[in-house]
Amino acid sequence: MNCLIIDDNKIARSILKQLVAQRPGLDLLGECENAADAYKKIVEGPVDLLLLDIEMPGMTGLELARNVGSQNPFIIFTTAKKDYAAEAFDLNVVDYLVKPIAPARFFQAIQKVEEMIGSREQRIQVEQDDFIFIRDANIIRRLGLDDILYAEAMGDYVKLYTANKFYAVHTTLKSIEDKLPAARFLRVHRSFIIQVNKIDAIQDGALIINGKPLPVADAYRNTLNKRMKII
């Protein structure tokens, strides 16, 4: 797994390089002192993981994270401030590390990435199979991916909606997201994942699927617009 360090502080980059060197299986692709240079490297890609500062001159780390969604790198924020945590996790980042970063905390974050890579590989298998199995009450039920319109988080459950009914599954939305193929499904809100080709319209900033309006969070709007290829 390769990674890119993005931080305007030379000392911070040096510390991260030392941590990367101590982690087997993690290779340093390069380092950038601003987000604009990093964006060029990411587009040239592929980049597996961004170790990304937030407060930088010009484009911030949050802005970069919003703009690289289509490239699909994993992101760990490395910042001196806690203030941006809520906004960062709305971007579905892997972790949020506050400087000074303890080695154990850094390695824990990398472990999360490795687990998510395993989930990504499972998604590829799901895409080939074109179906998933869900636990519906006491029944293990096969559900075709093409039948799923969208998923909605509801407390400890996720509702998977089809055209005529829904299935309530005791799980998290993140777990559902990891199992659905990213080529077809997209998170548009902290509580919703939609199947892109099931969108009927966008009206007043909301998605319309099967007659139901669904909210779109600002953090996901740019990625959604790219996926929809609006003319």
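Side-chain contact between V68 and I75 is present, with at least one heavy-atom pair separated by less than 4.5 Å. Under the 4.5 Å side-chain criterion, counting only non-hydrogen atoms from C-beta, L16 is not in contact with K99. Between F106 and L51 there is a side-chain heavy-atom pair separated by less than 4.5 Å. Within the 4.5 Å cutoff, the side chain of D146 has heavy atoms near those of the R184 side chain. No side-chain heavy atom of F89 sits under 4.5 Å from any side-chain heavy atom of R190. The closest side-chain heavy-atom distance from I132 to I176 is not below 4.5 Å. Side-chain contact between L173 and I193: present, with at least one pair of heavy atoms (C-beta onward) separated by less than 4.5 Å. For the pair Y167/T162, a side-chain contact is recorded, criterion being any heavy-atom separation below 4.5 Å from C-beta on.
N34 CG to T60 OG1: the interatomic distance, rounded to the nearest 0.5 Å, is 12.0 Å. Rounding to the nearest 0.5 Å places CD1 of I54 at 11.0 Å from CG of L64. Here E114 contributes atom CD and F107 contributes atom CZ; the two are 11.0 Å apart, rounded to the nearest 0.5 Å. Atom CD1 of I148 is separated from atom CD1 of I134 by 7.5 Å, given to the nearest 0.5 angstrom. Considering CZ of R66 and CZ of R221, their distance stands at 12.0 Å, rounded to 0.5 Å. Rounding to the nearest 0.5 Å places CG of D90 at 8.0 Å from NE2 of H189.
In terms of heavy-atom proximity, P46 sits nearest to N2 at O-ND2, 3.5 Å. Here the closest heavy-atom approach between residue E33 and residue M56 is recorded as O-SD, 4.4 Å. G61 and L52 make their closest contact through O-CD2, 3.3 Å (heavy atoms, listed as atom of the first residue, atom of the second, distance). Minimum heavy-atom separation, V98 to A80: CG1-O, 4.0 Å. Nearest heavy atom pair, residue R227 against residue A183, reads NH2-O, 3.1 Å. Contact record, G58 with E63: O-OE1, 4.0 Å, taken as the closest heavy-atom pair.
For Q195 (side chain) and L145 (main-chain N/O), a donor-acceptor pair under 3.5 Å exists by modelled atom type. Remark: side-chain polar atoms of D53 are not paired, donor with acceptor, to backbone N or O of I6 under 3.5 angstrom.
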Just list the side-chain donor-acceptor pairs under 3.5 Å for residues 200-219, sequence neighbours left out, or say none.
{"unit_1": "D200", "atom_1": "OD2", "unit_2": "N210", "atom_2": "N", "d": "2.9"}
{"unit_1": "N210", "atom_1": "ND2", "unit_2": "A163", "atom_2": "O", "d": "3.3"}

Donor-acceptor contacts, no H, no angles, side chain residues 149-159, under 3.5 Å, sequence neighbours left out:
{"unit_1": "E152", "atom_1": "OE1", "unit_2": "Y161", "atom_2": "OH", "d": "3.1"}

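Other residues, nucleotides and ligands contribute more than 12 heavy atoms inside 6.0 Å of the CD1 atom of I140. No more than 12 heavy atoms of other residues, nucleotides or ligands shown are found within 6.0 angstrom of CG on N164. Heavy-atom neighbours of R135 CZ from other residues, nucleotides or ligands within 6.0 Å: at or below the threshold of 12.
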* K10 and E31: side-chain contact (heavy atoms from CB on, under 4.5 Å), yes or no, with the steps? -> CA-CA 10 Å; K10 185 176 181 179; E31 58 179 289; over 6 Å; no
* To do: Under the side-chain contact (heavy atoms from CB on, under 4.5 Å) rule, what do V47 and C3 come out as? Steps first, then yes or no, please.
  => CA-CA 6 Å; V47 180; C3 68; over 6 Å; no
* Report the C-alpha distance between D48 and V113 in whole Å, list the side-chain angles of each, state the deciding distance to 0.1 Å, and finish with yes or no for side-chain contact (heavy atoms from CB on, under 4.5 Å). => CA-CA 9 Å; D48 299 320; V113 177; over 6 Å; no
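Linking Ile, Leu, Val, Met, Phe, Trp and Tyr residues whenever their side-chain heavy atoms come within less than 4.5 Å places V94 and I5 in a single cluster. Tracing side-chain contacts under 4.5 Å through hydrophobic residues (I, L, V, M, F, W, Y), one reaches M1 starting from L97; they form part of the same cluster.
Shown here are the side chain to side chain contact (heavy atoms under 4.5 Å, CB included) partners of A88, two or more places apart in sequence or in another chain: L62, F77, V93, Y96.
Taking the charged nitrogens against the carboxylate oxygens, D7 and K17 have no contact shorter than 4.0 Å, which rules out a salt bridge. Salt bridge present: D178 and K174 bring a charged side-chain N and a carboxylate O closer than 4.0 Å. Here R13 does not pair with D8 in a salt bridge; the nearest charged N to carboxylate O distance is not below 4.0 Å.
Under the 3.5 Å distance criterion, with hydrogens and angles disregarded, a donor-acceptor pair is assigned to the side chains of K179 and S175.
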